[in-house]
Amino acid sequence: MRLRAVPVALFLTSLLAAQAAVPTPPAANPLPDAGADAIAKEGIENSQVMRLLRDLCGKVGHRLTGSDNFTKACDWAKAEFEAMGLEVELEKWGEWKLAWNRGAWIGRVTKPVAMDMYVATDAWTAGTKGLQQGAVVKAPKADDAEAVKATAGKWTISKGKPSAAVRKAIEAAGALGCVYRAGDPDKKFPTRVRVFGNQQTAMKALADAPTFPEIAVQADHFDALLAMVDEGKDVACEFDIQNSFREGPIELHNVVATLKGSEKPDEVVIVSSHLDSWHQKQGTTDNGTGSTTTMEAARILTKLGVKPLRTIKFCLWGGEEQGLLGSRGYVQRHRTDMTKVSAVFNHDTGTNWAQSIGVSQAMADQLAPLLAQANRVLKAPDADWDKPVFEFNVQQRVTGGGGSDHASFIAAGVPGLNWNLKGRSNYFEYTWHTQWDTIDVAIEEYQRHTATLIALAALTTANLPAMLDRAAVSAGGGGGNQSAAFAAAWFEAEMEEFTFKSVKEGGRAAKMGVQKGDVLKKVGGQDLERLRQIFQFARETEGDSVTFTFQRGDKAFEAKMKKDDLPQQQRRGAGGGAGGRGGDNTPRDTVPPAGGGGAPRSGGD
């Protein structure tokens, strides 16, 4: 039932008493001034977004899909949504055989000097079963039987992770584990560490889970360790890697909270973000910041008692980091309902503030009230910002790149919209999947602003006379994992894992002589096991060019590319297309926060 409009003074009085609902507006005015003013006041002046973020990152911590922490995060979010008065469901999208958890990571050199090291591991890899001490030797070749035998009871060291054949051989010989130089340092951030993992391990039986530790050491610490070994010194290390597998099955969920529509409850606006993170640190900017702006938008609207015409669902996805698994599962489960989803507003890629969104011209026309109200009631959180507080990036097509969960919906023909962010946070270079992604990098004024804008957008879209136009949505495709999308952009080719399905004429792959059907085998002489290693191994290659090894039938061939001719992975969000992962996200000030960029001295949280 539509409520009649009330005078502004009466509305604000009711707001202060937190008793009256925001009136449902007439269709011609989806967001009256009084409603927009109330949302802005609640979102900016009474924000709970940082409380939510501190609880998520501090009380829960990292949220690796398939870990007990991820389950804990889902339960925590469900309780928070229920406290707002929303209907909440933990909606199952998958089930894995094994749970994997991490505790502390400790590594140190014990002789010839004492030196603490920052260490980390990929997810779904083995722990050490307590503190393990041993001498350090260089990793041998797999076919050098004597050298392999000599690794028994020792730690092996190599600049890159040894090949699968070497790891198998030294494990069989009784080596304690392999120690390698952590991936992803560069000149700007020479101590940066990024670790990932292969979730396929979680599909195995417990008896088949890895038992051989594989430990990444921060670059500067590794280099010091390797120098001691190269100098012929008697070197010993000790490691305590508290990784563990637990037999499942472990159920995997999305958290779906529903604010039911008053007149068109079967038509839906979705506000979303992914709840999962990688495991190295707290997952603050990827994607605690997005999860908690989604939750704060829900809090703002429920606090004000809004009665939207359409249903608004607030969805926190799982498995995004492993290939948009939770959002793809949701789309598949509700595939017959996708024609009733008006729009999806997705927040990913960090703590910078939402300044624009990519839409078609028809969408922009429909959402004109949002543009007007956002620029009227919100101020830019950066005092020196001299452009519109909010604007539309109008494009001919809304496409789904595969960078974040909105792409799952675009693949089904739904307008999936991802916020383009501005601000001083250096997300892609500094916090994205690094040891620095902790609560101290979140920027409160940005979080307040973005959550408030999301609330404005959700309510406006829910109250439009018609669902958002989808004629410009490029359905099909999308929904793939991030690494595949980045690899395709790198080589200017369509890829299925390491196989080239098509090659752009004049593109980078074509210039190296790659043809349809060729398979990428090595980068910088290192065997590839996962797509993201393409970027890691390229960065680790010394010199000004990278050698790629390809397989064509039964023949292998090599080709080189200058590093300057390869795009930087960190810039993948540049341009902020309507289907991009998070807009340009270009930092306005790339100086890390105080204390950032240094070398933390232990591997635990």
Side-chain angles (χ1 to χ4, degrees), residues 97-98 100 119-129 132 134 136-184 194-217 222 226 239 241 243 245 279 322-323 481 483-484 487 495-499 518-541 546-551 554 556 558:
K97 291 183 177 180
L98 296 177
W100 183 89
V119 298
T121 77
D122 280 347
W124 301 290
T125 60
T128 56
K129 298 180 181 178
Q132 300 292 325
V136 179
V137 296
K138 285 191 173 181
K141 294 182 178 179
D143 57 0
D144 188 340
E146 287 302 315
V148 168
K149 184 178 179 181
T151 64
K154 299 181 177 69
W155 295 103
T156 68
I157 185 173
S158 55
K159 194 165 186 180
K161 184 185 289 189
S163 67
V166 170
R167 299 199 303 273
K168 182 178 180 180
I170 61 178
E171 180 179 11
L176 294 176
C178 64
V179 177
Y180 61 97
R181 194 175 196 259
D184 240 18
R194 286 181 172 135
V195 287
F196 299 95
N198 183 358
Q199 75 271 16
Q200 294 303 318
T201 305
M203 317 303 178
K204 297 180 178 180
L206 183 60
D208 297 325
T211 57
F212 189 62
E214 302 169 2
I215 304 168
V217 178
F222 178 91
L226 182 60
F239 295 94
I241 304 299
N243 296 345
F245 290 93
H279 58 292
Q322 290 72 46
N481 74 38
S483 295
M495 299 180 69
E496 185 175 298
E497 282 294 309
F498 298 113
T499 301
D518 290 347
V519 180
L520 178 62
K521 304 295 288 186
K522 298 181 179 182
V523 175
Q526 299 190 68
D527 293 325
L528 293 168
E529 296 178 356
R530 298 188 295 277
L531 278 171
R532 61 174 60 93
Q533 291 175 325
I534 295 171
F535 320 112
Q536 175 189 336
F537 294 166
R539 282 189 289 268
E540 292 175 354
T541 300
V546 181
T547 299
F548 298 91
T549 303
F550 303 93
Q551 190 80 27
D554 59 356
E558 293 184 347

Shortest non-hydrogen contact between L98 and A209, atoms and distance: CD1-CB, 4.0 Å

Gap between atom CZ of F537 and atom CG of L528 - 0.5 Å precision: 6.0 Å

Spacing of I241 atom CD1 and Q132 atom CD [to the nearest 0.5 Å]: 10.5 Å

Any side-chain heavy-atom pair of W124 and D122 under 4.5 Å: no

Ring pair (Phe, Tyr, Trp, His ring centres under 6.0 Å) partners of F498, counting only residues at least two apart: none

Among T121, L176, I215, side-chain contact (heavy atoms from CB on, under 4.5 Å) partner for F239: I215

Partner of V137 under side-chain contact (heavy atoms from CB on, under 4.5 Å), chosen from I157, I170, T151: T151

F245 and W100 aromatic ring geometry - parallel, tilted or perpendicular at 30°/60° bounds: perpendicular

Minimum heavy-atom distance between E497 and L531, given as atom pair plus value: O-CD2, 3.4 Å

For the student: nearest non-hydrogen atoms of Q551 and A556, plus distance: OE1-CB, 3.8 Å

Salt bridge (charged side-chain N to carboxylate O under 4.0 Å, His left out) contacts in which one or both residues fall within residues 139-155, not counting sequence neighbours: none

Separation of F535 CZ from R194 CZ (nearest 0.5 Å): 11.5 Å

Check: D527 side chain, K522 main-chain N or O, donor-acceptor pair, under 3.5 Å: no

Partners passing salt bridge (Lys or Arg N to Asp or Glu O under 4.0 Å) against E171 (at least two apart in sequence or in another chain): none

Nearest heavy atoms of A175 and T156, plus distance in Å: CB-CG2, 4.3 Å

Heavy-atom closest pair, residues I534 and A487: CD1-CB, 4.3 Å

Distance in Å, Q533 CD paired with Q526 CD, rounded so as to fall on 0.5 Å steps: 8.0 Å

Value rounded to 0.5 Å, distance of CD in Q200 from NZ in K204: 9.5 Å

Which atom of T201 lies closest to which atom of P210, heavy atoms considered: CG2-CD, 3.5 Å

L226 and R181: CA distance, side-chain angles, deciding distance, side chain to side chain contact (heavy atoms under 4.5 Å, CB included) verdict: CA-CA 9 Å; L226 182 60; R181 194 175 196 259; over 6 Å; no

K168 NZ to S163 OG distance, which is reported to the nearest 0.5 Å: 11.5 Å

